[in-house]
Amino acid sequence: MIQAIRGTKDILPSEIENWYFLENIFRSVSDTFGYKELKTPIFEKTEVFSRGIGDGTDIVNKEMYTFDDRGGESLTLRPEATAALVRSVIQNKLANAGTAQKFWYFGPFFRYERPQKGRLRQFHQYGAECLATDKPESDVEVILLANSIIKKAGISDYKLLLNSLGNDSSRAEYRKALIEYLENKKEQLSEDSQSRLQINPLRVLDSKDKRDIDIVKDAPILSNYFDEESKNHFTIVTSMLDNLGVQYEISPKLVRGLDYYSHTVFEFQSSALGAQDSFGGGGRYNKLFSELGGKDTPAVGFAFGVERLLLILEELKLLPEAKTDCDIFIVAAGDGIQNYSFKIAQELRDSGLRVAVDLNDRSMKAQMRASNKSGAIFTILIGEDELNNNTVTIKNMGDSTQVNIAYNELSNFTFNIA
Ligand code: AMP
């Protein structure tokens with residue numbers, strides 16, 4: 001038997017309603033915030049991600065699905081959306097300085113990671129980006145958007161971790177101090193952190209390796225290196241969140257994996273998830289546009305992992321009730337009856353009802369059983385009598401009452417489908 005690729009998953013009919021449940025929330029909440037959907041292709045030129053995300057990151061170094069196409073061009077299945085979205089915004093000239101442009105996206109992403117619960121090689125993200133403003137108010141707005149989605153999905157027990165990476169010059173000062181501190185203890189660091197030390201030293205701060213955690217405990221603190229601009233930006237963000245009653249925890253070691261962040265970074269965590277407890281995150285990225293050849297355009301955004309949101313909903317028993325197979329099941333047996341039952345089915349479907357008919361030429365009894373199993377609210381019974389008299393018998397499956405009505409009356413009949 002041919003199996004699906006490791007780390008990929010079929011979304012089965014029994015699960016699809018859960019996806020629609022979230023997708024509807026993504027769409028409707030984004031709309032209330034005035035964010036517009038933008039869909040980029042699944043693959044891009046590799047440089048979109050290697051330049052955009054940064055050469056020192058795990059994503060670019062270890063996790064990208066990169067291949068040469070038949071024309072010899074290096075292409076990559078998108079591992080995240082932001083760099084691709086920025087490429088699209090530059091190419092389609094969608095950003096105007098001085099006016100915030102707001103976009104959202106939803107779709108599959110690809111990373112060559114070690115699969116485990118909540119970690120896949122093809123996974124889905126919903127995310128939003130607010131472009132062309134460097135104001136802290138826009139950081140607050142995207143956090144509020146994320147929060148509204150979580151709340152609308154019914155999740156109340158989660159943590160919002162918040163940190164600031166400061167502006168470029170503050171971070172450059174800090175970087176020097178951090179490298180100096182870590183160089184002195186290089187031998188005690190994990191192998192990964194030793195190799196990251198010069199390229200991406202901030203990543204050492206959020207390493208999960210015990211050796212690194214011990215050393216990071218006494219590392220210099222980023223916020224001590226903040227200049228006025230860095231301090232002001234973050235103060236506005238936190239005081240607005242305080243005023244709006246948004247709960248958060250300051251997490252000084254939160255740096256997030258990607259090179260392009262500055263100022264505000266944040267992450268959402270849920271204890272319902274186990275080891276992979278982060279279900280979303282984001283931050284401000286002011287340099288990405290210029291890295292990708294566009295005009296300097298400050299921006300802020302975030303992404304949720306949709307499979308992880310679904311795991312939380314499942315764990316907290318918040319998934320929507322499964323949909324029934326149909327509203328009305330037509331039980332019809334007898335010679336020449338199918339034309340009649342199909343005609344009725346079609347008319348009812350045209351009026352918006354969900355109607356199933358038997359496709360296996362089964363006995364009346366077997367069809368009745370199938371109707372029961374389908375969860376139909378009404379069964380329409382058609383036998384010889386109904387066919388000869390041009391009537392139908394409608395059975396209410398809830399209270400088992402039955403009425404026989406003329407075919408002509410069917411369009412006036414009120415099917416009470418809750
Ligand atoms: P990132 O783009 O790495 O900031 O990830 C944002 C969110 O996407 C994470 O918080 C996860 O919920 C989700 N995510 C990232 N990588 C994976 C993966 N390999 N499998 C499933 N979800 C993922």
Side-chain angles (χ1 to χ4, degrees), residues 4-11 15 18-19 22 26 40 42 44 48-49 52-54 56-65 76-86 104-129 142-143 145-147 149-150 153 155 158-163 165 200 202-203 206-208 251 254-262 264-285 288 299-315:
I5 295 165
R6 200 162 108 82
T8 71
K9 258 179 148 177
D10 301 311
I11 300 171
E15 301 161 324
N18 304 334
W19 285 80
L22 282 180
F26 297 151
T40 62
I42 301 279
E44 296 276 348
V48 169
F49 304 112
I53 302 173
T57 59
D58 281 355
I59 293 187
V60 171
N61 287 348
K62 302 187 202 159
E63 296 171 0
M64 294 210 302
Y65 279 93
T76 294
L77 299 185
R78 59 183 191 181
E80 58 111 58
T82 306
L85 190 134
V86 165
W104 67 273
Y105 59 85
F106 165 77
F109 295 87
F110 307 85
R111 292 183 198 172
Y112 191 79
E113 293 196 86
R114 197 164 41 78
Q116 63 183 82
K117 190 172 179 197
R119 202 204 274 150
L120 295 154
R121 289 181 173 171
Q122 177 178 330
F123 59 100
H124 294 73
Q125 286 186 338
Y126 158 87
E129 316 283 354
V142 296
I143 292 173
L145 168 57
N147 247 359
I149 287 173
I150 301 170
I155 301 168
Y158 64 95
K159 256 201 251 177
L160 164 59
L161 303 181
L162 194 63
N163 191 22
L165 302 177
N200 200 349
L202 268 70
R203 283 303 314 275
D206 71 353
S207 162
K208 304 255 175 339
S251 176
L254 179 72
V255 297
R256 313 233 346 110
L258 315 182
D259 269 2
Y260 53 56
Y261 287 119
S262 58
T264 317
V265 287
F266 54 96
E267 194 161 300
F268 294 96
Q269 290 185 351
S270 163
S271 53
L273 281 173
Q276 302 297 319
D277 61 355
S278 155
F279 64 94
R284 171 159 288 285
Y285 54 96
L288 186 55
V300 58
F302 71 92
F304 284 137
V306 182
E307 282 81 0
R308 297 210 188 150
L309 278 172
L310 287 169
L311 283 173
I312 299 172
L313 294 178
E314 190 184 350
E315 183 66 26

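Since this is a predicted model, take the numbers as computed values, not measurements. All values below were derived from every heavy atom in this structure, side-chain atoms included, with hydrogens, water molecules and symmetry-related copies excluded. Order of listing sets the numbers, starting from 1, for every ligand and every atom in it.
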**Message:** Taking only non-hydrogen atoms of E307, do any sit less than 4.0 angstrom from ligand 1?
**Reply:** no

**Fill in**
ligand 1 to F279, heavy atom cutoff 4.0 Å, flagged ligand atoms 10 (O), 12 (O)

**Request:** Output the list of atoms in ligand 1 that are nearer than 4.0 Å to some heavy atom of S278, sorted by atom number.
**Result:** 10 (O), 11 (C), 12 (O)

**Message:** Quick check: R119 and ligand 1, any N/O pair under 3.5 Å apart?
**Reply:** no

**Complete:** Logged contact type for Q125 with ligand 1, heavy-atom cut-off 4.0 Å, is side chain

**Complete:** The ring pair (Phe, Tyr, Trp, His ring centres under 6.0 Å) partners of F26 (sequence neighbours excluded) come to F106, Y126

**Message:** For atom 3 (O) of ligand 1, which of the options R256, R114, R111, E80 provides the nearest non-hydrogen atom?
**Reply:** R111

**Item:** Polar side-chain atom of R121 near backbone of E113 as donor-acceptor pair, under 3.5 Å
**Value:** yes

Let me have the donor-acceptor pairs involving side chains of residues 299-315, under 3.5 Å, with sequence neighbours excluded, atom names and distances please.
unit_1, atom_1, unit_2, atom_2, d
E307, OE1, H124, N, 2.8
E307, OE2, H124, N, 3.3
E307, OE2, H124, ND1, 2.8
R308, NE, G118, O, 2.6
R308, NH1, S278, O, 2.7
R308, NH2, G118, O, 2.9

**Prompt:** Using 30° and 60° as the class limits, which term best fits the ring planes of Y158 and F279: parallel, tilted or perpendicular?
**Reply:** perpendicular

**Request:** Consider every N or O of L120 and every N or O of ligand 1, then say whether any pair is closer than 3.5 Å.
**Result:** yes

**Asked** Does E15 use its side chain to pair, donor to acceptor, with the backbone of N18 at less than 3.5 Å?
**Response** no

**Prompt:** For I59, is at least one N or O under 3.5 Å away from an N or O on ligand 1?
**Reply:** no

**Asked** Heavy atom of H124 under 4.0 Å from ligand 1?
**Response** no

**Message:** Suppose I only count heavy atoms of E113 and a 4.0 Å limit; which atoms of ligand 1 are within that range?
**Reply:** 16 (N), 17 (C), 18 (C), 19 (N)

**Complete:** Rounding to 0.5 Å, atoms OG1 (T264) and CZ (R256) come to a distance of 12.5 Å

**Message:** Which option wins on minimum heavy-atom distance to atom 22 (N) of ligand 1: F110, F123, F109?
**Reply:** F123

**Message:** So does P79 get a backbone contact from the side chain of R111, meaning a donor-acceptor N/O pair under 3.5 Å?
**Reply:** yes

**Request:** State whether the side chain of R119 and the backbone N or O of R114 hold a donor-acceptor pair below 3.5 Å, judged by distance alone.
**Result:** yes

